[in-house]
There are 2 protein chains.
Amino acid sequence: MPEPLEPEPLESVPAAFAPHDHRACETRVLDEAADRLAELGGRLTPVRRRTLEILLESHRAMGAYEVLDRLATEGFGRQPPVAYRALEFLVEHGLAHRLQRLNAFAACLHPGRDHAPAFLICRACDALAELPAAPVRAALADLAADTGFIIERATIEAVGLCPVCVKAAA
Amino acid sequence: MPEPLEPEPLESVPAAFAPHDHRACETRVLDEAADRLAELGGRLTPVRRRTLEILLESHRAMGAYEVLDRLATEGFGRQPPVAYRALEFLVEHGLAHRLQRLNAFAACLHPGRDHAPAFLICRACDALAELPAAPVRAALADLAADTGFIIERATIEAVGLCPVCVKAAA
DNA sequence: AATAGAAATGTAATAAGGTAACACGCGTTG
DNA sequence: CAACGCGTGTTACCTTATTACATTTCTATT
């Protein structure tokens, strides 16, 4: 049964992996994005806004060219830089993430100040969950500290099966 | 994969970040590779062996096309699949790693020991260190377990400055 | 030794991902 | 009104990776 939606759910099961009111999800993120850009000074132009909406339509990571196709059919430019620039803008302003493993992008569901999540990617349904990764990063920082290496950015991405697909497989 | 793990002679500063007898380093890995393949049944053919040697020549991650150029000038095929297949073989047999963040490959310096290391990549000198990542993975597994997600593979890569370049910068 | 089948190697062709360089239009602002 | 920065669009090109298929080499039998 669909779970009731709480205002600020500290999801023990990320929303990506469970049925939820996705419309609300989108709206919330778009609102937050506007706020955030007001603070930071960035402009949420039509292409950029549409790009974010496209990313938000599913809990999936999308390739730049997939986004581009969508933009092109909606009357925006059809050359790669159009998508890359919009995506880069979103990433720079903390509104989207870039997933290295997939060479793909996803909307950021929790735009916030210092925000460096880990990702869980379901290989069966492509669902993508964004987890607070503080403990993981701490562990990594510990290791690195011993070596004298200074971490500037770290990528933590896991591929596997989400709860839904685990059940489906059984 | 479930292999007896010898006590790891873990350098507190990975060899990649410090001067060391690299010739010995190469020889050791090549020997271990041969052993490992004898067990597993893989064949270390000329292209494959040469590919591993090329990766071993530096503590860096190399692009597939960089490897391919080397192979081609040495008389092997000059089409991409030549390099990709050899690299894929090495990765499958635990003799090399694929770095997602860089779209690149590196020789595995500890074949058979820690099959799932974390990587530290120096953005200044491209040095690459391979660290046992058990604690990091444990932390990640913890997070994932709460969600019911089953991790099959995880990528943990950090970019920053190695000790040598930190000093150089100062 | 002969040979069928599997494994490995090679090729060409193309897909997918990404960047550089430049032109135009639009709002600010001096 | 310039002059400017910024955003958007374009063309052209580069890098990375895969598909499909032909050929050679190994290996395990007879």
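Bear in mind that the values here come from a model prediction, so they are computed numbers and not experimental data.
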Using only heavy-atom distances, determine whether the side chains of B/Glu130 and B/His110 contain a donor-acceptor pair under 3.5 Å.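 Side-chain D/A pair, B/Glu130 to B/His110: absent.
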Quick check: does any side chain N or O of [X] sit under 3.5 Å from a backbone N or O of [Y], one acting as donor and the other as acceptor?
X	Y	answer
B/Arg137	B/Ala116	yes
A/Glu157	A/Gln100	yes
A/Arg36	A/His93	yes
A/Arg50	A/Leu71	no

Each nucleotide in nucleotides 23-30 of chain C should get exactly one letter: B, S or -. Can you fill that in based on protein heavy atoms under 4.0 Å? --------
Just to be sure I understand the rule, does B/Arg48 reach a base, reach only the sugar-phosphate, or reach nothing, if contact means heavy atoms closer than 4.0 Å?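 The residue B/Arg48 makes sugar-phosphate contact but no base contact.
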Base, sugar-phosphate alone, or nothing: which one does B/Arg49 contact when heavy atoms must sit under 4.0 Å apart?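 No contact at all - B/Arg49 keeps every heavy atom at 4.0 Å or more from the nucleic acid.
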Separation of [N] [atom2] from [X] [atom1] (nearest whole Å):
X	N	atom1	atom2	answer
A/Leu87	D/dG7	CG	P	15 Å
A/Asn103	D/dA17	CG	P	8 Å
B/Met62	D/dT15	CE	P	15 Å
B/Leu90	C/dT9	CG	P	11 Å
A/Leu44	D/dG7	CG	P	12 Å
A/Leu99	C/dG17	CG	P	13 Å
A/Arg50	D/dT8	CZ	P	15 Å
B/Glu66	D/dT16	CD	P	9 Å

Assign each of B/Tyr65 and B/Arg43 the nucleotide of DNA chain D bearing its closest heavy atom; nearer the 5' end lies the nucleotide of B/Tyr65
Do B/Leu90 and B/Leu68 land in one hydrophobic cluster if side-chain heavy atoms of ILVMFWY residues count as linked below 4.5 Å? yes
Taking the basic N atoms (NZ, or NE/NH1/NH2) and the acidic carboxylate oxygens, is any pair closer than 4.0 Å for B/Arg28 and B/Glu32? yes
A/Arg49 bridged to A/Glu53 by N-O distance under 4.0 Å: yes
Taking DNA chain D as the partner, which of residues 69-84 of chain B come within under 4.0 angstrom of it by heavy atom? B/Pro80, B/Pro81, B/Tyr84
How many angstroms lie between CG in A/Leu161 and CD in B/Glu152, if you round to the nearest 0.5 Å?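 Reported to 0.5 Å precision, the distance equals 4.5 Å.
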base_contact_polar (C/dG10 base, B/Arg85 side chain, donor-acceptor, <3.5 Å): yes
